[in-house]
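Some notes on the structure that comes next.
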Amino acid sequence: MTAAQNPLDDWQARGLIHQATATGLGEAMAAGTVTGYIGFDPTAPSLHVGSLLQLTVLMRLQRAGHRPIALVGGGTGLIGDPSGKDEERQLLDVEGLADNLAALERQLRGFLDFEGELGAIMVNNMDWLGELNLIEFLRDVGKHFSVNSMIARESVKRRLEGRDHGISYTEFSYALMQAYDFLELHDRHGCTLQLGGSDQWGNIVAGADLIRRERSAEVHGLTTPLISRSDGRKFGKSEQGNVWLDPEQTTPFEFFQFWLNTADDDVAGYLKLLTFLEVAEIDQAVGDAAKRPEARQAQRLLAAELTRMVHGDQALARVEQVTKVLFGGGELRQLDSAGLREAFRTSPRIRIDRVEISTGVALTEALVRASLAPSKGRARRDVESGAISINHEVEGDVHRELGTGDLLPGGFIVLRRGRKTYCLIETAG
RNA sequence: GGAGGUGUGGCCGAGCGGUCAAAGGCAACAGACUGUAAAUCUGUCGGGCAAAGCCCUACGGUGGUUCGAAUCCAUCCACCUCCA
């Protein structure tokens, strides 16, 4: 582990800092090890790309020689954070939450180093929130919170004004829980820094205030900006919905493609926010890429860096191979069976009986079964408009049947609709 | 409690007895162009089939009137506006 350093200048240069407490965080970081935490909500069984920024911030903290704490909200998850929400949340049920927590912890462990002197720490706030005594909590913690200032907070105010929204006492209390988390981590692990997205600022400051009052200690808070898109749409969603870090939910191929499709205007910012490449290196790469925008080198760099970080070198290599075969030209027949299998490892696939193939399967039928078309009528229209290709060759005949002659080495057929939608047919039996 | 209005395809919105699987717009899908981009243009856009045709399902629910209903009537449901 490297000696502690102050990474704030670098963070500033990357645009990572949205708001920070005015106190001497930089000095503290230069002087010695700082322990900082970020909380992750167990609202889903996987993190998605929206959490990636927080994740990398913890990694940066560790790389700069400080100790990161990853907190999973086993307790707060039962309450629900009103920040940034217009409506009261559906309470999560206990079993679902337990599954989410386990998955979340598993993921987080993959990104941080838990070994050694400055090893990361994993905590679950259920461990202390679950044991709280209501009377004591209200006396010790509640006493430090003024309802007057709590209702002045933007996230609460919005909910008080909207006559059809409202906010329950449950969610109103959320800020106290999170503030208490900070205090608890301060006591348990000497944590003096809380990081988070810009929507967490209020909760973070509440925690810092609590610590100042209860422990007379000065602690720090820092928030990252919301990742935006130049076209104004919400970051983190593809056509298929959320982009998850779990390869079961979003395949490495889809993950890679998501980043590869980043708009030119966004790519430099994302590289700085999310990758560990040096700022100068990024500027250089983006500058070079701009000379030949069609090659989209900057997007390739971004996609490669993040795919490697989340899914590993092997997955990246596979994904790049798939990308090359799918978008680089039609050399499908040159690939041997193993290569094909590898290239389409992450593609959707269906099985069709070998016997069935040998007697002929209508193309329209196959398209429906492959989920490339919702109905045969639709499949027919797609074929007529030249959208469908078999093994990378456009097929315009509606009455075309798939037969053994279409099988690639290894017994596959590659069906494609449009440019980007694929399905692999495997034969079985 | 009283008066009135509205409910149409993923969304908005026309239609107000047959020619309506329902104008138009948006979204979506595909094609051309391109950089696996944006914009633009073109086509498609409920489902099925031996398909320029036929059949099924569909205009909030149910039940009627009619040769025939998204369109008329009754009733129920939902939402909205106004009055008190």
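Convention: sequence-line order gives letters A, B, ...; per-chain numbering from 1. These values consider heavy atoms only, across backbone and side chains, with no hydrogens, waters or symmetry-generated copies.
Here, B/A38 and B/C45 have their C1' atoms 24 Å apart, quoted to the whole Å. One C1' atom belongs to B/A14, the other to B/G9, and the distance between them is 13 Å to the nearest Å. A distance of about 33 Å separates the P atoms of B/U65 and B/C11, rounded to the whole Å. Using atom P as the reference point in both B/A22 and B/C56, the two lie 16 Å apart (nearest Å). As rounded to the nearest Å, B/G7 and B/C59 have C1' atoms that lie 10 Å from one another. When the P atom is compared between B/C76 and B/G2, the two are found 13 Å apart, to the nearest whole Å. Taking atom P on both nucleotides, B/A23 is separated from B/G31 by 25 Å, rounded to a whole Å. Using C1' as the reference atom, B/C55 and B/G63 are 27 Å apart when rounded to the nearest Å.
Ring planes of A/Phe255 and A/Trp259: perpendicular class, angle over 60° (limits at 30 and 60°).
Map A/Lys376 and A/Pro293 each onto its nearest nucleotide of RNA chain B; the residue landing nearer the 5' end is A/Pro293. Mapping A/Val398 and A/Val368 onto RNA chain B by nearest heavy atom places A/Val368 at the nucleotide closer to the 5' end.
The base of B/U34 does not come close enough to the side chain of A/Glu294 for any donor and acceptor atom to sit less than 3.5 Å apart.
Going from atom CZ of A/Arg378 over to atom P of B/G10 covers 14 Å, rounded to whole Å. If you measure from atom CD of A/Gln257 to atom P of B/A37, you get 10 Å, rounded to the nearest angstrom. Rounded to an integer number of Å, the gap from A/Glu320 CD to B/U36 P is 16 Å. Here B/G35 presents its P atom at 13 Å from CZ of A/Arg300, a figure rounded to the nearest Å. The separation between A/Asp264 atom CG and B/A39 atom P is 13 Å, rounded to whole Å. Atom CD in A/Glu365 sits roughly 9 Å away from atom P in B/C49 (whole-Å rounding). The nearest whole Å value for the distance from the CZ atom in A/Arg296 to the P atom in B/U34 is 15 Å. Atom C1' of nucleotide B/A28 and atom CZ of A/Arg417 are separated by 10 Å, given to the nearest angstrom.
In this entry B/C59 has no Watson-Crick or G-U wobble partner, no candidate having both defining distances under 3.5 Å. Using Watson-Crick or G-U wobble geometry with both donor-acceptor distances under 3.5 Å, B/U81 finds its partner in B/A3. In this structure, B/U66 makes no Watson-Crick or G-U wobble pair, since no nucleotide meets both defining distances under 3.5 angstrom. With a cut-off of 3.5 Å on both pairing distances, B/U34 has no Watson-Crick or G-U wobble partner at all. In this entry B/A39 has no Watson-Crick or G-U wobble partner, no candidate having both defining distances under 3.5 Å. Applying the Watson-Crick and G-U wobble criteria (two distances, each under 3.5 Å), B/U71 pairs with nothing in any strand.
In A/Arg351, the CZ atom is not crowded: 12 or fewer heavy atoms of neighbouring residues, nucleotides or ligands sit closer than 6.0 Å.
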Derivation of the side chain to side chain donor-acceptor pair (under 3.5 Å) call for A/Gln194 and A/Asn203:
CA-CA 10 Å; A/Gln194 184 181 173; A/Asn203 291 334; over 6 Å; no

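The stretch residues 381-389 of chain A comes close to RNA chain B through A/Arg381, A/Ser385, A/Gly386, A/Ala387, each having a heavy atom under 4.0 Å from the strand.
Among the nucleotides B/G35, B/C29, B/U36, the one closest to any side-chain atom of A/Gln299 is B/G35. Closest approach to the A/Thr421 side chain among B/U36, B/G35, B/A30 is made by B/A30 (side chain taken as heavy atoms from C-beta onward). The side chain of A/Ser375 has B/G48 as its nearest neighbour among B/G48, B/U36, B/G35.
Partners of A/Glu278 under the salt bridge (charged side-chain N to carboxylate O under 4.0 Å, His left out) rule, at least two apart in sequence or in another chain, do not exist in this structure. Considering only residues two or more places apart in sequence or on other chains, A/Asp9 meets the salt bridge (charged side-chain N to carboxylate O under 4.0 Å, His left out) condition with none of them.
Between A/Asp406 and A/Arg400 there is a salt bridge, since at least one side-chain N of the basic residue sits less than 4.0 Å from a carboxylate O of the acidic one. The residues A/Glu356 and A/Arg369 are annotated as salt-bridged, a charged nitrogen and a carboxylate oxygen being separated by less than 4.0 angstrom. Salt bridge status for A/Asp283 with A/Lys272: present, with a side-chain N to carboxylate O gap under 4.0 Å.
Annotation: A/Tyr270 is in aromatic contact with A/Phe235 [ring centroid separation under 6.0 Å].
At the heavy-atom level, A/Arg292 lies nowhere under 4.0 Å from the strands shown.
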